[in-house]
Amino acid sequence: MSTMRAVRAHARGGPEQLSYEQAPRPEPGPGEVLVAVKAASMTPHELTWPATWTTTVDGSGPERIPIIPSHEFSGVVEALGRDVASPGVGEAVYGLIPFVRDGAAAEYVTMPADIVAAKPATVDHDDTAAIPLAALTAWQALVTHAGLRAGQRVLVQGGAGGVGIYVVQLAASLGGRVIATAAAGDLEFVKELGAEQVIDYTGERFEDHVRDVDIVIDLVGGSTQSRSWSVLKPGGILVSVAAPPDQEEAARHDARAAYFIVEPDRDALRSIAELVDDGRVRPVVDRVLPLSDTRAGYEALETSKRRGKVVVHVAA
């Protein structure tokens, strides 16, 4: 088979540029695997990222149009490139595809073999596709950058958002004492995810209810980030994926600060899959659409409030 069904954009833009069409089926190069995609999921603002359209994260590299979006996937290994010993053909895998490559809104996708991990055994492909980007972001914020230890107090700014859902669950699963902010309608939902305390940011100031936390995970930015310094204990850390924190402000509060962009990480995916299979972390899916409706999914990301991921079902 030399072709496949895929969603592609032939020019920069938003969802209006996406077409469901016939496309060449990729072949795995050295060190790569070809995955038969079962499900993929999409991320807000993905179509605005420079990496989506070029060969470099900062957008300075050559254009690579047409592109295929959706960098989170769950599927089955179809073929191996040269020098690949693992995973094996037929293995169910999941992961996060580097943003400078074509994504998984297609029947097949290639990627480096060393970034994929065995999918959680207890959830199906649609649910699995909702995990990689958000859960890896949460893991890297809490474990890689903050060094979370059991018993530490963690404030999650935006606990009901796509990443916040996993920050709350992972922090609680790893022994953290979790406080989160959320809208009024999401308070009980975030408590169910594992937060000990949830503050309605639309009606209350979190500074009036929180102090001396070890870690702030900032998923909001702006004034929420700047106000968060006051609730950190000396020596604490603020980790943001929303905007780079002010290092001088961190120093004034005897705190540390970090900003990062999520990266593929096989070892973290394996740890996350174990937590899913143990029932300590669960994927949250807002809706599942067929591959042919991918464009509508990206439109929904821009226009509607969601709880969890928009997932594209590609194949049974």
message = For a salt bridge (charged side-chain N to carboxylate O under 4.0 Å, His left out) check, start with the C-alpha distance between Arg280 and Glu274, then their side-chain angles and the critical distance, and finish with the verdict.
response = CA-CA 9 Å; Arg280 296 162 68 188; Glu274 289 179 4; over 6 Å; no
Under a 3.5 Å cutoff, is there a donor and acceptor pairing between the side chains of [X] and [Y]?
X: Thr110; Y: Glu27; result: no
X: His209; Y: Glu204; result: yes
X: Ser70; Y: Tyr298; result: yes

Please report the shortest heavy-atom distance between [X] and [Y], naming the atom on each side.
X: Phe73; Y: Ala104; result: CB-CB, 3.6 Å
X: Pro24; Y: Met4; result: O-CE, 3.6 Å
X: Ala118; Y: Tyr94; result: O-CE2, 3.4 Å

Give a yes or no on whether a salt bridge exists between [X] and [Y], defined as a side-chain N under 4.0 angstrom from a carboxylate O.
X: Lys119; Y: Glu91; answer: no
X: Asp214; Y: Lys233; answer: yes
X: Glu299; Y: Arg295; answer: yes

*Answer with yes or no whether the hydrophobic clustering places Ile217 together with Val281; edges join I, L, V, M, F, W, Y residues whose side-chain heavy atoms lie under 4.5 Å apart.*
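Same hydrophobic cluster.
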Check: Transitively linked via ILVMFWY side-chain contacts under 4.5 Å: Val241 with Leu142?
Finding: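 Yes, Val241 connects to Leu142 through the hydrophobic network.
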Among residues at least two apart in sequence or on other chains, which ones pass ring pair (Phe, Tyr, Trp, His ring centres under 6.0 Å) with Phe99?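 Once residues adjacent in sequence are excluded, the partners of Phe99 under the ring pair (Phe, Tyr, Trp, His ring centres under 6.0 Å) criterion are Trp49, His71.
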Residues in ring pair (Phe, Tyr, Trp, His ring centres under 6.0 Å) with His145, at least two apart?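 His145 satisfies ring pair (Phe, Tyr, Trp, His ring centres under 6.0 Å) with Phe260 once adjacent residues are dropped.
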| said: As a quick check of understanding, evaluate side-chain hydrogen bond (donor to acceptor under 3.5 Å, both in side chains) for Glu207 and Ser230, giving each step before the final call. | reply: CA-CA 7 Å; Glu207 307 97 306; Ser230 65; 5.2 Å; no
Working for side-chain contact (heavy atoms from CB on, under 4.5 Å), residues Val213 and Ile215:
CA-CA 6 Å; Val213 299; Ile215 299 166; over 6 Å; no
| query | Can you check side-chain hydrogen bond (donor to acceptor under 3.5 Å, both in side chains) on Gln225 and Asp218, steps first, answer last? | reply | CA-CA 6 Å; Gln225 182 185 104; Asp218 168 40; 2.8 Å; yes
Could you check whether any side-chain heavy atom of [X] comes within less than 4.5 Å of a side-chain heavy atom of [Y], counting everything from C-beta outward?
X: Leu18; Y: Leu47; answer: yes
X: Val109; Y: Ile68; answer: no
X: Ile65; Y: Trp53; answer: yes
X: Lys309; Y: Asp286; answer: no
X: Arg266; Y: Pro87; answer: yes
X: Glu21; Y: Arg8; answer: yes
X: Leu80; Y: Val89; answer: yes
X: Val310; Y: Leu289; answer: yes

In terms of heavy-atom contacts, does [atom1] of [X] have more than 12 from other residues, nucleotides or ligands at under 6.0 Å?
X: Arg211; atom1: CZ; answer: no
X: Arg177; atom1: CZ; answer: no
X: Arg149; atom1: CZ; answer: no

Exercise. Please collect all side chain to side chain donor-acceptor pair (under 3.5 Å) contacts where either partner lies in residues 242-257, sequence neighbours excluded, each pair once.
Key: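 Pairs touching residues 242-257 that pass the test: Glu249-Arg252.
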[atom1]/[X] to [atom2]/[Y] distance, rounded to the nearest 0.5 angstrom?
X: Leu269; Y: Leu96; atom1: CG; atom2: CG; value: 7.5 Å
X: Arg270; Y: Asp265; atom1: CZ; atom2: CG; value: 10.0 Å
X: Phe206; Y: Ile199; atom1: CZ; atom2: CD1; value: 8.0 Å
X: Thr181; Y: Leu155; atom1: OG1; atom2: CG; value: 6.5 Å
X: Asp212; Y: Leu232; atom1: CG; atom2: CG; value: 9.5 Å
X: Ile115; Y: Asp267; atom1: CD1; atom2: CG; value: 13.0 Å

Using distance only, find each side-chain donor-acceptor pair of residues 28-38 under 3.5 Å and give its atom names and separation, not counting sequence neighbours.
unit_1, atom_1, unit_2, atom_2, d
Glu32, OE1, Gly29, N, 2.7
Glu32, OE2, Arg101, NH1, 3.1
Glu32, OE2, Arg101, NH2, 3.0
Lys38, NZ, Ala316, O, 3.0

For side-chain contact (heavy atoms from CB on, under 4.5 Å), just list the numbers for Arg282 and Val276, CA-CA rounded to whole Å, side-chain angles, deciding distance to a tenth of an Å, and then say yes or no. CA-CA 6 Å; Arg282 63 180 175 92; Val276 173; over 6 Å; no
Does Arg307 make a cation-pi contact with Phe189, if we ask for NZ or CZ under 6.0 Å from the ring centre and within 45° of the axis?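 Satisfied, under 6.0 Å and within 45°.
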Short side-chain to backbone donor-acceptor contact, [X] and [Y], under 3.5 Å:
X: Thr56; Y: Gly61; value: yes
X: Glu16; Y: Gly14; value: yes
X: Glu72; Y: Ala40; value: no
X: Arg64; Y: Thr54; value: yes
X: Thr43; Y: Glu46; value: no
X: Gln140; Y: Glu263; value: yes
X: Thr294; Y: Leu291; value: yes

Does Val143 have any side-chain contact (heavy atoms from CB on, under 4.5 Å) partners at least two apart in sequence or in another chain, and if so, which?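 Result, side-chain contact (heavy atoms from CB on, under 4.5 Å) vs Val143: Trp139, Leu174.
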| Does the side-chain contact (heavy atoms from CB on, under 4.5 Å) test come out yes or no for Glu196 and Val178, once each step is laid out? | CA-CA 6 Å; Glu196 296 180 10; Val178 183; 5.6 Å; no
List the atom pairs, donor and acceptor, that lie under 3.5 Å between side-chain atoms in residues 125-138 and the rest of the protein, sequence neighbours left out.
unit_1, atom_1, unit_2, atom_2, d
His125, ND1, Ser74, OG, 2.6
Asp126, OD1, His313, ND1, 3.0
Asp126, OD2, His313, ND1, 3.2
Thr128, OG1, Asp124, O, 2.8
Thr137, OG1, Leu133, O, 2.7

TODO: Please test Trp229 against Leu238 for side-chain contact (heavy atoms from CB on, under 4.5 Å), starting from the C-alpha separation and ending with a verdict.
DONE: CA-CA 8 Å; Trp229 297 112; Leu238 184 152; 3.9 Å; yes
- Please step through side-chain hydrogen bond (donor to acceptor under 3.5 Å, both in side chains) for the pair Gln157 and Thr224, ending with a clear verdict. CA-CA 8 Å; Gln157 298 287 23; Thr224 297; 5.7 Å; no
